[in-house]
Amino acid sequence: MLEDTIIAIATPPGFGGLGIVRLSGPKAAAVARRIFEPKGGTGRAYPDRRPVFGSVRDPERSRALDEAFLTYFKGPRSYTGEDVVEISTHGSPAVLEGILRLGTGAGARLARPGEFTLRAHLNGRLDILQAQAVNDLIRSVSLAQARVSSRQVGGSLSKRIYHLRSRLIVLLSRTEAGLEFPEDGLKKSPAADLKSLDRLIDDVGRLVASYETGRALAEGVTLAIVGRTNVGKSTLFNALLEEDRAIVTPFPGTTRDFLRERLVLDGVVFHLVDMAGLGRPMHPVERRGIVRGRKIARSADGLLIVLDASRREAEEDVRIVRRHPEKKAIIVLNKSDLPRKLAERKIRELAGKVPVVEVSARKGKNIEALRARIGALFAPGAGREEELILHARQKDGLQAILDALRRARVLLARGHSDEVCAEELRTALRLIGELTGEVRAEEVLDDIFGRFCVGK
Ligand SMILES: Nc1nc2c(ncn2[C@@H]2O[C@H](COP(=O)(O)OP(=O)(O)O)[C@@H](O)[C@H]2O)c(=O)[nH]1
Ligand SMILES: [Mg+2]
């Protein structure tokens, strides 16, 4: 499979200032030579990593398509580890398609999605974690995620995992030594082993836990604004967005459908949803809105529960506070510019651990503090330079490793034989191999690279 030479347009479809066609494989330079003519004659070998000016030509008709810069990256010091050629022209789809046709005519084959990066992986340039991070970087929704992914392309996550692995290997070899020479002086001290196992468990546990923030970074967080009608949900929605997006009136039941807008806090994308008040509807359209709103609230990652502090709490308020005990939420006491009527203590008691923030959405009072609370609750550590797990597959893999380590710890603490303990450690080691791609699983490769664009 790696014997053939692949070709693809590397820039996005459509018209652009520049467009790039990329070739990779043993015949990359040979194909390029047939379709590209350097200014001032052919013949010389391409210099490594230095652009050469010339034109793309149809070898049959010796007609120039466009002027171009060609850059040759000699393998293995290239993205894929093979000989790579990049041809940079004007970003015209017609020209780029024309170059593709010439390239395939000259012996290259059209690349599949992600095939360049797949080759980089198969040639040992990138492990699976790094390859995945390449796609994450390309598709990153915020600068914060791009930074995390860029570090992971550079191998930050891989290094963490390799470090875990080498510590695991030391532990395993000590356990296995106990197996082979039980009567020897090599008999290790279980206390020391327990301690290093605990540290491993801690480290893997931290990575697993980071997925919460990682997922928030990669996918965004859907936050539903819930509360009775007229408590100021739409006003709060507008205040958080800093624009008059939702219609606000003194009349209950103004918002009947839901509105969804993007809000970026600390580089994390939040999808803020404003909706009809969850109360007794006055109009059939409002009733439909409430049904929809309930659905959105159920599927949201988190809730902003808005209460009107200038009124006595109604039963509906209490019900709303109680409704989603499993969800992360912030209780917003709105209209704090007006005299207080709400029994705040009662609400705080009901709230338990759910944070309560007082604001005035209309006056913009304390909105900054609310933003900070939202960021801290739903994407903790997003701004810090910490390693984050961005994918469910990686998180599940790490969780399985964590489970195996914990089983090993139980066995060790109970004084079980080295044999059963070593078995769990070996399981953890194999799972690490699957995570980094050393243990190759075709369906994992298909799944990861199938999500890439063509040309990467
Ligand atoms: N005094 C005061 N009035 C507010 C505040 N927030 C909203 N309101 C008013 O309460 C009414 C209902 O607001 P709205 O945002 O439409 O409530 P919703 O039905 O929950 O979306 C409007 O007249 C708002 O101007 C606030 O913080 N202070
Ligand atoms: Mg509203």
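Indexing begins at 1, ligand by ligand and atom by atom, following the structure's order. Quick caveat, the model's predicted, so the values are computed rather than measured.
Residue D274 has no nitrogen or oxygen atom sitting less than 3.5 Å from a nitrogen or oxygen atom of ligand 1, judged on distance alone. Polar contact check, A361 against ligand 1: a nitrogen or oxygen pair lies under 3.5 Å apart. Inclusion of I247 in the set of residues having an N or O under 3.5 Å from an N or O of ligand 1 is not warranted. Ligand 1 has a nitrogen or oxygen under 3.5 angstrom from a nitrogen or oxygen of R362.
When each atom of ligand 1 is checked for a heavy atom of S360 under 4.0 Å away, the hits are 26 (C), 27 (O), 28 (N). Near D337, with a cut-off below 4.0 Å to any heavy atom, the atoms of ligand 1 are 1 (N), 2 (C), 26 (C), 27 (O), 28 (N). Heavy-atom proximity to L338, at under 4.0 Å, picks out these atoms of ligand 1: 1 (N).
Interatomic distance, L23 CG to F73 CZ, rounded to the nearest 0.5 Å: 12.0 Å.
Between D198 and R409, at least one side-chain nitrogen of the basic residue sits less than 4.0 Å from a carboxylate oxygen of the acidic one, meeting the salt-bridge criterion. Contact check on R165 versus E438 returns a salt bridge, with a Lys/Arg side-chain nitrogen under 4.0 Å from an Asp/Glu carboxylate oxygen.
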Self-check item: Intermediate values then yes/no, side chain to side chain donor-acceptor pair (under 3.5 Å), Y79 and T117
Solution: CA-CA 8 Å; Y79 181 67; T117 309; 2.8 Å; yes
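Considering each of T249, T229, I225, the one bringing a non-hydrogen atom nearest atom 11 (C) of ligand 1 is T249.
When each of E387, Q394, R147, Q130 is checked for a side-chain hydrogen bond (donor to acceptor under 3.5 Å, both in side chains) with Q152, only E387 meets the rule.
Contact annotation: for T235 versus ligand 1, heavy atoms closer than 4.0 Å belong to both the backbone and the side chain.
Here the protein heavy atom with the shortest distance to atom 12 (C) of ligand 1 is N230 OD1, 3.3 Å.
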